[in-house]
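Notes follow once the structure below has been shown.
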Amino acid sequence: MCGTLRASDAGKTVTLMGWVNRRRDLGNLIFVDLRDRTGLVQIVIDKESNPALHEKASRVRSEYVLAIVGNVKKRDDSTINKNVPTGEVEIIAHELRVLNDSKTPPFAPSDQAIGNEEVRLKYRYIDMRRPEMQANIELRSKVSLAIRKELSSHGFLEIETPFMTRSTPEGARDYLVPSRVYPGSFYALPQSPQLFKQILMISGFDKYFQIVRCFRDEDLRADRQPEFTQVDLETSFPTQDRVFEVVEAFLVAAFREAGIELKPPFPRMKYDDAIRKYGIDKPDMRLPEITDVREVFTEENLNALSLDPLLPVVAVRIPKVGELSRKERDDNKQLVASKPGVKVIDDLKRLEKSFPDAVTKLRATVEADADDLLVIVAGAPTEERTGLAMRKAAEAVYTSAGAMRLALTQKYKDKHGAFNKTGTANDYRFLWVTDFPMFEYDDKDGRWNAAHHPFTSPHEEDFGKLLSDPGAVRALAYDIVLNGTELGSGSIRIHRQDIQKQIFNALGMTDEEARSRFGFFLEALEYGTPPHGGIALGLDRIIMILAGADSLREVIPFPKTAKAVDLMVDAPTPVSATQLKELGIAVKG
RNA sequence: GGGGACGUAGUUCAGUUGGUUAGAACGCUGCCCUGUCACGGCAGAGGCCGCGGGUUCGAGUCCCGUCGUCCCCGCCA
């Protein structure tokens, strides 16, 4: 192959096939860089030694597909190119065949600056000829294989589940597939194989996994595509620790493919601690946590600052940012949409004039260096003093501080350098977040929703609070977080039908409603369901992080745009009236 | 659904306060060139300034609308 030839291959006769990356025509001497999946090699065509060949080569253009027969020759010392792996050799062509010509492409795979995404996506086949894309897609294949091997070696079976399945009203919007046989009825593409994998546990396949496509009709982000791939797994008779071990094992195998040697076990943190220390349920561990600095202020201090002494006062520390100008501080306030009742103090100098003792204590408490940026986040006195109101106000302080921490670390990443790559496992800070709340209160609808999904088991000791105090029920649910990105989410499931019913009731569903939505599943639970649990991880996100990419589109061969359009095939499209009629569907103008 | 950025040659971009024939680089075409590797030199072609309306003597430039791409919020059990 083109990219694999080395000085040790000198003297061999080789047949190479590939694309013309670049042609350098010096008149009677032509150089062609031939490119295939493995890289580039320089072909030499000399008019003097082969005029007919030279004539053919002079008509060759970028992205023509060539077959070359030639001799591998070690280059003279003066002509070695140290910038390419094959730079010590070149191919003296004896024969050249144009297998296909090419229109001038809208952009060249050999270009240093890559074109805009619209053009890249429309001409994805050319974009994917670029070495970066080739490397990402190769990495994806290797990582998938490593995960399959690892899970298989632990006794997991890869089992397929349907893509055409049943719509469930919970969760994300479904992509629907109309049924021709039953006009007006629809299949749904799975948001995840959740219920199928639980059924497989009931069926006795005690260790299941699948690298599987999932579909969610929600708005996109750089790290969210409407169809994406999960590494999905489930085991019977699990413990949380057992699930963590299996995931850590396959992540070690996956990262090894990218030359990173991870060191499990990964640290763990309870959800409540994550909120208190990082103001978010997916903390980025590469920077210092938020510090509680309530104690450095007296009650008089806080009253003078119009801050509520009963609410948390926390400090966000961003190392090595130095002093900020007035303008920068104003700009920074724009970074985070301020929540009502949350106050931000970002001018320590001014604070120091009025409260010198507090600021001295503050610096000591957060162990701040002189050039560290400190921002204080606290709460204005709340009007309502009930327990729930105070809890919400406190959470608003934590999450605002968390958002501030993220925005500032992003903005000043050049200064603190915490995101700089070292090429070691230290670049990848994994974290298990555990003990998520079972329910979240939905202010709009005035009811409780499942924080993870409604098949998640609560902590056994919280069973009693399911109806009396849903907000206090902890779930056996866990997330795996990498550098502030949620990679995966899982739980120990409910295997008792009576508990499952209670959960549906707590979610405000009557028995009839539960039966109409999940009847098949509730029935299955009654036939000897083993305890079981599992997790699903976003494969695309894993590859994205390993590839050092900023967008999922860099690691998905044929991705969709932010408006969920495939620019290459131009999908979605309207369909013919005949098709619609056959499906019994009428489209409103 | 909301906010922001962008849209000018095949590509990446510049285009002043609204004022003559809209520029550059790369790419492309032709010619020259035997050691280049982002080859070099000379010459040339290439534009619905996203689209539609408006203001104006005059619009790439100002206003309104619309479409597209990207980022964020909402949303994503």
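In the text below, chain A, chain B and the rest are named by the order of the sequence lines, each starting its count at 1. Only a predicted model underlies this, so the values are computations on that prediction, with no experimental measurement involved.
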For [N] versus [M], give the span between their [atom1] atoms, rounded off to a whole number of Å.
| N | M | atom1 | value |
| --- | --- | --- | --- |
| B/C49 | B/A9 | C1' | 10 Å |
| B/C31 | B/A14 | C1' | 31 Å |
| B/G41 | B/A59 | P | 40 Å |
| B/G52 | B/C67 | C1' | 10 Å |
| B/U21 | B/A25 | P | 23 Å |
| B/G60 | B/C73 | P | 38 Å |
| B/A24 | B/U8 | C1' | 13 Å |
| B/U20 | B/U34 | C1' | 49 Å |

Whole angstrom is fine here: how far is it from [atom1] in [X] over to [atom2] in [N]?
| X | N | atom1 | atom2 | answer |
| --- | --- | --- | --- | --- |
| A/Ile30 | B/C39 | CD1 | C1' | 13 Å |
| A/Asp33 | B/C37 | CG | P | 11 Å |
| A/Asp219 | B/C70 | CG | C1' | 14 Å |
| A/Lys73 | B/G35 | NZ | P | 13 Å |
| A/Leu406 | B/C72 | CG | C1' | 13 Å |

Suppose we call a contact any N or O donor and acceptor under 3.5 Å apart; does that hold for the side chain of [X] and the base of [N]?
| X | N | answer |
| --- | --- | --- |
| A/Arg61 | B/G27 | no |
| A/Arg224 | B/C76 | yes |
| A/Glu218 | B/G74 | no |
| A/Asn116 | B/U69 | no |

From the list [options], which nucleotide is the closest neighbour of the side chain of [X]?
| X | options | result |
| --- | --- | --- |
| A/Arg24 | B/C37, B/G74, B/C70 | B/C37 |
| A/Phe31 | B/U69, B/U34, B/G35 | B/G35 |
| A/Arg75 | B/C37, B/G35, B/U69 | B/C37 |
| A/Ser551 | B/C71, B/C39, B/G35 | B/C71 |
| A/Pro106 | B/G68, B/G10, B/G35 | B/G10 |
| A/Val565 | B/C70, B/G35, B/U69 | B/U69 |
| A/Thr104 | B/C28, B/C76, B/C39 | B/C28 |
| A/Ala172 | B/C75, B/C76, B/U69 | B/C76 |

Just to be sure I understand the rule, does [X] reach a base, reach only the sugar-phosphate, or reach nothing, if contact means heavy atoms closer than 4.0 Å?
| X | answer |
| --- | --- |
| A/Glu48 | base |
| A/Asp111 | nothing |
| A/Glu90 | base |

N/O (side chain, [X]) to phosphate O (OP1/OP2, [N]) under 4.0 Å:
| X | N | answer |
| --- | --- | --- |
| A/Arg23 | B/G27 | no |
| A/Arg221 | B/C76 | no |
| A/Asn28 | B/U34 | yes |

Checklist line | Close side-chain approach of A/Asp272 to A/Asp435, heavy-atom, < 4.5 Å | finding: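 Heavy-atom side-chain distance check fails, nothing below 4.5 Å.
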Check: [X] ring centre within less than 6.0 Å of [Y] ring centre:
| X | Y | value |
| --- | --- | --- |
| A/Phe228 | A/Phe215 | no |
| A/Phe521 | A/Phe455 | yes |
| A/Phe244 | A/Trp432 | yes |

Note to self: Using heavy-atom distances to pick each residue's nearest nucleotide on RNA chain B, tell me which of A/Ser49 and A/Val119 is more 5'.
What the structure shows: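 Looking at the nearest nucleotide for each, A/Val119 comes out on the 5' side.
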Check: Looking at A/Val433, A/Val243, A/Val247, A/Thr456, which one forms a side-chain contact (heavy atoms from CB on, under 4.5 Å) with A/Tyr478?
Finding: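 The single option meeting the side-chain contact (heavy atoms from CB on, under 4.5 Å) with A/Tyr478 is A/Val243.
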Checklist line | Side chain A/Arg22, main chain A/Ser110, donor-acceptor under 3.5 Å | finding: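 Yes; at least one donor-acceptor contact below 3.5 Å.
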Notebook entry, point to check: Between A/Arg405 and A/Leu287, is there a donor-acceptor pair closer than 3.5 Å when you use the side chain of the first and the backbone of the second?
Noted result: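 Checked: pair present.
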Margin query: Does the structure show a Watson-Crick or G-U wobble partner for B/C70, both distances under 3.5 Å? Name it, or say none.
Written below: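 Across all strands, the one nucleotide that pairs with B/C70 is B/G4.
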